[in-house]
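Only a predicted model underlies this, so the values are computations on that prediction, with no experimental measurement involved. Values below: every heavy atom of this structure, side chains too, minus hydrogens, waters and symmetry copies. Numbered from 1 within each chain, the chains take letters A, B, ... in sequence-line order.
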Number of protein chains: 2
Amino acid sequence: MHSEVVASRSAEQRDSSREPRNGTPHLDAVSLAIIEQLQEDGRRPYAAIGKAVGLSEAAVRQRVQKLLDQGVMQIVAVTDPLTVGFRRQAMVGVNVEGDVEKIAEALTAMSEVEYVVMTAGSFDILAEVVCEDDDHLLDVINKRIRALPGVRSTESFVYLKLKKQTYMWGTR
Amino acid sequence: MHSEVVASRSAEQRDSSREPRNGTPHLDAVSLAIIEQLQEDGRRPYAAIGKAVGLSEAAVRQRVQKLLDQGVMQIVAVTDPLTVGFRRQAMVGVNVEGDVEKIAEALTAMSEVEYVVMTAGSFDILAEVVCEDDDHLLDVINKRIRALPGVRSTESFVYLKLKKQTYMWGTR
DNA sequence: ACTGAGACCTGCGGATTTCGCAGCCTCGAT
DNA sequence: ATCGAGGCTGCGAAATCCGCAGGTCTCAGT
């Protein structure tokens, strides 16, 4: 019936050992399709996903579990903290002298920091911080981030309103 | 048994009609607790959540459905596009003359833009874009974003490496 | 004060989904 | 040629999801 699908799938699986770079696990088209399904609805049943991607329920379950174990994806509830209320949020651009990686690690360790990315451009690192209120935000930025040895300067962008937040890169 | 929990819950529910601001739905402590559970694991069974927050399975189900319908939260799979492979990502700071809201809407309409937030600081808007490759990224920034009437200037920060990405603001 | 509407919760079967496991197949290595 | 690992399927049993029928409480209107 859909033997061609099976054929192409096994062809892709065959070279799944060849990984594109360092430790990044290779993802074949079927896993991508599964992720797309879960980007639309994180609670979609395995059987429905299987039907969509041409796999049995059990196979989908095994793949999803592996993707979660490998840390390739996570299935979570996401909200806009500002909508949920009583919080102050900001993006902080950081300039570093010396080991950028080390500063990034330090930021990652802070519970108020939700998002850390190393960038090219006039900032070395962008970090998103979520705080209780203005005092808390001020404290995190001035006392904790600026205090890190190696941080040359920071610039803050306080969030006023979140306009868009999606996870649909796969479905285009 | 846990009558005090019930008492405090109904006390919070009583004034749930008084909403803090415009259309933002009020969230009581129980809904917050439910969201926290789902931030840890988006597929956690309703019964388990109910046990954790002191509600029946059916009640949790109804609340979760309402939170989803209201758009307060979404349950989705999230990944790092860079890890998944073959993509270029960047944060773009935008300066606007005139109606900031209008430009934000235009950015929101672009499928390559995953994240749009209006900010205070030296940028009016921060937008995160996810692209196929460098050419695509260049195209989106130069041809589409800069071309919007009202965009005074932009500055781009190309992502090199995502270090942290969590959704655990509730659990601190 | 009474009443009806609305919001929210619980309890309960039936349908659906999840889960674990045994078996099969393919590929690559010994 | 044989063996082991990885991956898929099929299948019951257990757990979960789902819809619905009440019950309680609050609030607004008569």
>> Taking the cut-offs as 6.0 angstrom to the six-membered ring centre and 45 degrees off its axis, would you call B:Arg152 and B:Phe123 a cation-pi pair?
In response: no

> Are B:Arg88 and B:Glu132 within salt-bridge range, i.e. N to O under 4.0 Å?
Replying inline: no

>> Quick test of your reading of the model: are A:Arg63 and A:Asp28 salt-bridged, counting only N-O distances below 4.0 Å?
In response: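 Answer for the salt bridge query: yes.
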
Just the rounded figure in Å: distance from [atom2] of [N] to [atom1] of [X].
| X | N | atom1 | atom2 | value |
| --- | --- | --- | --- | --- |
| A:Lys66 | D:dA5 | NZ | P | 15 Å |
| A:Gln62 | D:dG6 | CD | P | 13 Å |
| A:Ile49 | D:dT9 | CD1 | P | 14 Å |
| B:Asp28 | D:dT26 | CG | C1' | 16 Å |
| A:Gln65 | D:dC8 | CD | P | 14 Å |

> Does anything in residues 107-129 of chain A pair up under salt bridge (charged side-chain N to carboxylate O under 4.0 Å, His left out), and if so which pairs, sequence neighbours excluded?
Replying inline: A:Glu112-A:Arg144

>> Between B:Asp69 and B:Gln65, do the side chains contain a donor N or O and an acceptor N or O under 3.5 Å apart?
In response: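 Per modelled atom types, B:Gln65 and B:Asp69 side chains form a pair under 3.5 Å.
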
> Is there a donor-acceptor contact under 3.5 Å linking the side chains of B:Ser111 and A:Trp169?
Replying inline: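 Side chains of B:Ser111 and A:Trp169: no pair found under 3.5 Å.
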
> How does protein contact run along nucleotides 13-20 of chain C, one letter per nucleotide 5' to 3', with B for base contact, S for sugar-phosphate only, - for none, heavy atoms under 4.0 Å?
Replying inline: ----SBBB

